Amino acid sequence: MNLTDPIFQDADKARAHLEATRWPNGPICPKCGVVNEATQLQGTHHRAGLYQCNACRSQFTATVGTVFERSKVELNKWLLATYLLSSSKKGISALQLSRTIGVTYKTAWFMFHRIREAMRVDAPAPLGGSGKVVEVDETYVGGKEANKHKSKRAAKGDVFGAKQAVVTLVERNGEARSFHVANVTAKTLRPVIVKNASRKSHLMTDGARMYPAVGREFDRHSAVDHSAGEYVREGFHHSNTVENYFSILKRGVIGTYHHISEAHLSRYLAEFDFRYSNRSGLGVEDTERTNRALVGIGGKRLTYRRPSEGAHA
C-alpha cells in the first residue's frame, strides 16, 4: 500500500476496501448481527454502499456503528488518515494531516482522535504467560520545567511538576500496554499489573520499592538496580525493552505532539501501544497495520466536537 493507492483517491474504492476489511464473510447487520443476509440497494435515490438486512429490514452501510459514522469527510480521506497514523512510528500531527488531505485543523484533530479510539483494544488478553517475560516500568509525560515561564514552573524540589504518570507493561517479543495513573505507588500500580499480565509470567522491573510486593504474586520476579548503575545482569535481567518503548513514546510527544492534555493522554497511549504491538519486528507491515486499525473502528463512537478541550497537536 502507498499514497497513490486508489483507495486513498476514490471514495467508492475506499468503501469497497472498508467493506472487504470489516466484512470478510459478507455484510454484518449492526442491528441484529446477521452475517451475509443483506441486499445492496441500487439506484440513484440510494446512497452508495447502502444495504438492507433481509432479517430485520434495517438499512446500513459499512460505517454505521463505527467512528466514521455520520462524518462529512470523504471515506478515502478517512482511510488515508488511518494509514498515515498507523505507519508513522512517532505519530503525525493534526496540523500536518490538515495540510496533507485538505481539511481544517479542527476536522483533522477530531479524525485522529477517532482513529486512536479505533486502535484501542477492548478486553485484551493478559500479556505473558508460562515461560514468558513481562517488563514493567513507569515514566512521566509532559514538558520540561526549564522550558516553562517562571510563573508556571513547579515548586523547587518538585521533580515531576505537572507531568502525568504512565505505567507500561511490555511482553518481550510481544505487545505493549500503557496506562495513565494518578500517581506511582504500589496501591495504584498493583491493579494495573495483575489485570494485564498473566501471573504465570516472569515479571521484570527495576529496583523501585513499588514492585517487590506485587512481584511475589507472579511465577518469578527479577529486578535490576538502576540506582547502583546496574542495567543488565547475565544478559537476561533488564528492563531495556520497556525503556525502548518509552524512548519512542517520548520522541513522539516531544517531536510531534509537543503537548498532550491529561484528558486525552489515554488515547495517545493507545496509539503508541497499537503501533508497537503491530510493528514490523512482529511481521506486521504498514498495510496490515492499517487494516487492523480499520477492523477496530466498530462499536466506538465519539461525539465531542471541540478541539479546544483537548491537545494542541
Side-chain angles (χ1 to χ4, degrees), residues 1-3 5 21 79-93 112 115-139 141 166-179 192-193 196-198 200-206 218-220 222 224 226 231-257 260 265-297:
M1 186 181 292
N2 57 61
L3 299 183
D5 193 301
T21 303
L79 265 59
L80 179 54
T82 304
Y83 176 77
L84 291 172
L85 193 62
S86 297
S87 60
S88 302
K89 188 173 183 179
K90 294 183 285 292
I92 176 173
S93 71
F112 267 168
I115 297 168
R116 290 184 184 106
E117 190 67 12
M119 291 174 168
R120 176 178 54 82
V121 180
D122 292 320
L127 299 174
S130 179
K132 296 183 178 181
V133 178
V134 175
E135 298 181 18
V136 182
D137 201 2
E138 73 287 341
T139 191
V141 175
V166 172
V167 59
T168 297
L169 298 83
V170 177
E171 179 183 319
R172 286 188 186 172
N173 301 313
E175 300 178 3
R177 206 164 295 165
S178 304
F179 303 89
V192 173
I193 295 171
N196 290 280
S198 167
K200 296 179 182 179
S201 308
H202 185 152
L203 192 69
M204 193 75 66
T205 68
D206 59 21
F218 287 79
D219 183 61
R220 292 185 63 191
S222 298
V224 287
H226 291 173
Y231 291 91
V232 181
R233 187 172 67 252
E234 300 171 351
F236 174 80
H237 301 85
H238 63 80
S239 58
N240 293 342
T241 313
V242 67
E243 293 286 355
N244 175 65
Y245 172 90
F246 286 150
S247 70
I248 298 171
L249 172 64
K250 291 190 174 183
R251 284 200 298 271
V253 172
I254 296 171
T256 302
Y257 296 126
I260 295 177
L265 176 57
S266 61
R267 290 199 184 99
Y268 285 94
L269 294 177
E271 171 197 337
F272 282 89
D273 284 354
F274 175 82
R275 282 196 299 264
Y276 186 89
S277 300
N278 295 278
R279 61 191 182 276
S280 297
L282 296 179
V284 183
E285 302 301 336
D286 292 346
T287 298
E288 175 61 21
R289 192 180 310 114
T290 302
N291 288 337
R292 290 186 182 188
L294 292 174
V295 170
I297 67 176

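As the structure is a computational prediction, the values presented were derived from the model and not from experiment.
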Point to revise | Full working for ring-ring contact (aromatic ring centres under 6.0 Å, His included) between Phe218 and His202 | key: CA-CA 7 Å; Phe218 287 79; His202 185 152; 10.0 Å; no
Check your understanding: Looking only at heavy atoms, what is the nearest atom pair of Thr82 and Ala293, with distance?
Key -> CG2-CB, 3.8 Å
Practice item. Could you tell me which non-hydrogen atom of Tyr231 sits nearest to which non-hydrogen atom of His226, and how far apart they are? Key: CD2-CD2, 3.5 Å
Exercise for review: For Leu282 and Asn173, work out which heavy atoms get closest and say how close.
Suggested key: CD2-O, 3.5 Å
Practice item. Walk me through it: do His237 and Met204 pass the test side-chain contact (heavy atoms from CB on, under 4.5 Å)? Key: CA-CA 7 Å; His237 301 85; Met204 193 75 66; 4.2 Å; yes
Review point. Any idea which heavy atoms bring Pro126 and Ser198 closest together, and the distance?
Key: CB-N, 3.7 Å
Exercise for review: Would you give the length of the straight line joining atom OG of Ser222 to atom CZ of Phe236, rounded to the nearest 0.5 angstrom?
Suggested key: 6.5 Å
Review point. Are Leu265 and Val166 side-chain neighbours, meaning at least one heavy-atom pair lies under 4.5 Å?
Key: yes
Revision key, fill the gap. When rounded to the nearest 0.5 Å, the distance separating OH of Tyr83 from CD1 of Ile115 is 14.0 Å
Review point. At their closest point, which heavy atom of Thr290 faces which heavy atom of Ser86, and how far apart are they?
Key: OG1-CB, 3.7 Å
Check your understanding: Can you name the one residue among Thr205, Thr168, Thr241 that meets side-chain hydrogen bond (donor to acceptor under 3.5 Å, both in side chains) with Glu135?
Key -> Thr241
Practice item. Indicate yes or no: at least one non-hydrogen side-chain atom of Met119 is less than 4.5 angstrom from one of Leu85. Key: yes
Point to revise | Test item: Leu80 and Leu3 side chains (from C-beta on) under 4.5 Å apart, heavy atoms | key: yes
Check your understanding: Considering residues, nucleotides and ligands other than Asp122, do more than 12 of their heavy atoms fall under 6.0 Å from its CG?
Key -> yes
Review point. How far does CD1 of Ile248 sit from CZ of Arg275, to the nearest 0.5 angstrom?
Key: 9.0 Å
Exercise for review: Could you tell me which non-hydrogen atom of Gly174 sits nearest to which non-hydrogen atom of Arg279, and how far apart they are?
Suggested key: O-NH1, 2.8 Å
Check your understanding: Taking atom CG of Asn278 and atom CG of Asp286, what is their separation to the nearest 0.5 Å?
Key -> 11.5 Å
Check your understanding: Is a side-chain N or O of Ser201 found less than 3.5 angstrom from the main chain of Gly129, in a donor-acceptor match?
Key -> yes
Check your understanding: Cation over ring, Arg267 on Phe112, under 6.0 Å and within 45°?
Key -> no
Study note, to complete from the structure: Taken in chain and number order and not counting sequence neighbours, the residues that satisfy ring-ring contact (aromatic ring centres under 6.0 Å, His included) with Phe246 are none
Review point. When you look at Val141 and Tyr268, which way does the side-chain contact (heavy atoms from CB on, under 4.5 Å) test go after all the steps?
Key: CA-CA 11 Å; Val141 175; Tyr268 285 94; over 6 Å; no
**Study point:** Any side-chain heavy-atom pair of Val136 and Val167 under 4.5 Å
**Key:** yes
Check your understanding: Which residues satisfy the ring-ring contact (aromatic ring centres under 6.0 Å, His included) test with His238, sequence neighbours excluded?
Key -> none
Check your understanding: Hey, does Thr139 have a side-chain heavy atom less than 4.5 Å from the side chain of Val242?
Key -> no
Exercise for review: Take atom CZ of Arg220 as the centre, draw a 6.0 Å sphere, and report whether it contains more than 12 heavy atoms from other residues, nucleotides or ligands.
Suggested key: no
Exercise for review: Measure from NZ or CZ of Arg289 to the centre of the six-membered ring of Phe274, then state whether that distance is under 6.0 Å and the direction lies within 45° of the axis.
Suggested key: no
Practice item. Answer yes if the side chains of Ser239 and Asp206 hold a donor-acceptor pair under 3.5 Å, and no otherwise. Key: no
Check your understanding: Nearest 0.5 Å, what's the CZ-CG distance between Arg116 and Leu269?
Key -> 10.5 Å
Study note, to complete from the structure: Between the CG atom in Leu79 and the CG atom in Asp5, the distance rounded to the nearest 0.5 Å is 9.0 Å
